[in-house]
Amino acid sequence: MTEPVNVLVAVAWPYASGSRHIGHLAGAYLPADIFARQQRLVGNRVLMVSGSDVHGTPITVRAEAEGVSPQDIVDRYHSQILEQWDRLGMSWDLYTTTGTDNHARVTQDMFLAQLENGFIDRRVSEQFYDPEVERFLPDRYIEGECPHCGYGDARGDQCDNCGKTLDPIELIHPRSKLSGATPERRQTEHFYYRYSDFTDRLRSYLDSKTDWRPHVVNFAKGWLEDEGLQDRAITRDIDWGIDIPVDDLGPGKKIYVWYDAVIGYLSASKEWAAGDRNPSGDPQKWRDWWENRDSRHVYFIGKDNIPFHALFWPAQLMGAGDLHLPDSIPANQYVTFKGGKASASRGIGLTIADALEIFEPDALRFALAAALPEHADTEVSVEEIGRRINEELVATWGNLVNRVLSMVYKNCDGRIPGTSGHHTEDLELLATVDAAFDAGAAQFAQVELKAGLRTAMKAAQATNGYLNATEPWKLQKTDAERAAQVLHTALSAINGVRVLLAPYLPFTSERLDSVLGAPTGWRRDPLAAGTPIAKPTPLFAKVELEGAE
RNA sequence: GGCGACGUAGCUCAGCUGGUGAGAGUGCUCGACUCAUAAUCGAGAGGUCGUGGGUUCGAGUCCCACCGUCGCUACCA
């Protein structure tokens with residue numbers, strides 16, 4: 001085997017406002033968890049981090065609408081998200097929030113380093129201001145009449161009716177979404193990050209990423225094509241956010257979300273190192289991932305997040321010092337429902353909570369993993385998820401385990417039989433399963449998780465075929481010794497397949513530990529003959545889908 | 001408007017740097033089997049690879065145009 005590598009599995013930070021839907025799950029969280037689990041089995045040192053993004057205008061607006069504090073909103077959704085991760089089997093090394101003191105400190109340190117290095121400066125600009133609620137307004141909080149189509153409720157950034165991109169200045173009869181007041185223009189001073197200084201470095205950085213998915217690298221390069229990256233303000237007139245570590249601008253200003261959110265990958269790594277979950281106890285352990293050229297950083301995000309992770313975040317890292325840049329950003333496309341992008345706020349598709357009401361966690365993970373939008377938008381529906389579970393997961397894998405365990409239980413005194421040698425067909429089956437580990441490892445290295453699942457399922461199908469060919473239920477009557485050999489072989493194959501599937505199906509794979517023992521790595525372990533087995537029960541129940549959805 | 005991705009069997013999708021008769025899963029038909037959650041295994045039917053041009057000895061795979069779908073368009077993150 002190759003030397004263990006330090007792998008950072010960095011997962012997009014969900015916004016702690018509103019419910020997550022299964023598009024988010026299939027887009028980022030589930031593939032991250034599958035990948036992380038497989039990498040741990042391979043023997044790599046995995047650090048999988050993420051957390052809830054607690055800053056941003058929408059949270060403050062929602063808080064005001066409900067008459068509670070932003071922290072109340074954050075607490076509500078963060079705990080809801082945590083509970084769902086638990087039910088889904090997400091194997092975080094740390095899932096934190098951007099609301100910690102640690103995150104504020106790391107963000108401020110990075111800000112100061114970039115300021116010191118000359119990549120942050122101050123500029124004055126004009127912004128829209130709502131005099132009634134005394135707050136500066138993001139573009140999309142200004143509404144008015146669209147100058148192109150006359151639609152009355154166009155937002156300041158875009159008209160939902162004709163789809164044209166707008167500048168709030170263009171709106172006819174602009175009004176604040178918060179109060180309805182007519183916005184005023186006021187001057188305000190902010191810190192800007194000089195992203196434009198990094199255009200050339202980013203260009204060669206992206207040019208070196210020849211193995212990235214085409215849609216990711218093309219999209220990122222598209223931003224650099226013309227005049228390169230633009231500098232962006234990284235502070236805001238807002239009172240909910242991280243304090244600016246220098247007081248040059250006066251009160252009422254904070255660091256803005258999208259500058260600090262990506263820093264969460266680093267701050268969470270430091271929080272992990274300093275905490276109880278770091279087995280080494282060394283608070284400097286984060287350096288093994290961030291200050292190590294041989295580590296590998298893989299970012300799991302949806303395609304809407306590509307600019308932030310392929311451009312802005314690398315530029316921030318470059319400006320802060322010698323920290324490890326993203327090695328791979330296997331951004332997924334979208335899961336669609338009836339042709340539309342999943343969106344919890346628009347009521348399209350299923351929320352994670354809805355899905356967990358209908359499907360058991362492993363079955364849901366299986367169905368979504370089989371439909372990951374790795375290369376193109378992928379259509380899913382409740383019926384399709386149910387079909388995948390019943391026709392593929394239950395029929396091929398669940399039934400295989402059940403039929404073999406049932407025969408072993410009945411015919412072998414309830415214990416794993418030993419074996420007195422193998423026939424050619426036995427060895428062929430085991431060789432097929434073992435070969436799947438090599439094929440699967442190659443697919444995981446490319447983060448082709450859908451293909452990895454197919455590889456595992458093919459091994460399961462080969463085992464079903466082996467049973468139909470050898471017919472141990474007949475041998476039992478004529479040649480019990482050979483029947484035991486066959487069952488031993490089939491169970492050994494299952495022992496391999498369950499490891500191949502373990503990244504996808506953590507709960508049910510673990511249920512087999514009592515019979516097969518815990519996996520020791522990305523391989524098929526030998527069986528422990530004589531291990532008693534209980535009367536088998538199916539790993540998965542079929543889903544009953546009544547009528548049309 | 002600009003940019004990007006996608007458009008391949010009924011359905012959901014693979015097809016890498018162009019090269020023997022276009023694939024998988026599922027569904028459908030037929031057959032085998034009955035240990036197993038009416039599950040399994042085998043065989044078969046089923047496709048103008050969006051449309052029209054072009055490059056090439058040869059294109060699903062490269063180029064152009066068009067049609068359709070989706071997304072992004074920098075103050076949602």
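Letters A, B, ... are given to chains in the order of the sequence lines, protein chains preceding strands, and every chain is numbered from 1.
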* A:Phe219 near the nucleic acid: base, sugar-phosphate alone, or nothing, with a heavy-atom cut-off under 4.0 Å? -> sugar-phosphate
* To do: Assign A:Asn411 to base, sugar-phosphate, or nothing according to its heavy-atom contacts below 4.0 angstrom with the strands shown.
  => nothing
For [N], the Watson-Crick or wobble counterpart (both distances under 3.5 Å):
{"N": "B:C66", "answer": "B:G50"}
{"N": "B:C3", "answer": "B:G71"}
{"N": "B:G25", "answer": "B:C11"}
{"N": "B:U34", "answer": "none"}
{"N": "B:U56", "answer": "none"}

* Asked: How would nucleotides 30-40 of chain B be written as a contact map, 5' to 3', with B for base contact, S for sugar-phosphate-only contact and - for no contact, using protein heavy atoms under 4.0 Å?
  -> ---SSBBB-SB
* To do: Using a cut-off of 6.0 Å, state whether more than 12 heavy atoms not belonging to A:Asp479 lie near its atom CG.
  => yes
Nearest-nucleotide pick for [X], side chain only, options being [options]:
{"X": "A:Glu379", "options": "B:U73, B:U12, B:A5", "result": "B:U12"}
{"X": "A:Lys450", "options": "B:C76, B:A74, B:C13", "result": "B:C13"}
{"X": "A:Thr378", "options": "B:G4, B:C6, B:C13", "result": "B:C13"}

* **A:His375 NE2 to B:C16 P, straight-line distance once rounded to whole Å** => 10 Å
* Rounded to the nearest Å, what distance is computed from the CG atom of residue A:Leu372 to the P atom of nucleotide B:A24? -> 22 Å
* Asked: More 5' along RNA chain B: A:Lys458 or A:Asn305, using each one's nearest nucleotide?
  -> A:Lys458
* Asked: Should A:Arg140 be listed as having a side-chain N or O under 4.0 Å from OP1 or OP2 of B:C76?
  -> yes
* Taking the six-membered ring of A:Tyr129, is the NZ or CZ of A:Arg186 close enough (under 6.0 Å from the centre) and on axis enough (within 45°)? -> yes
* Stacked cation flag A:Arg122 on A:Tyr192, 6.0 angstrom / 45 deg -> no
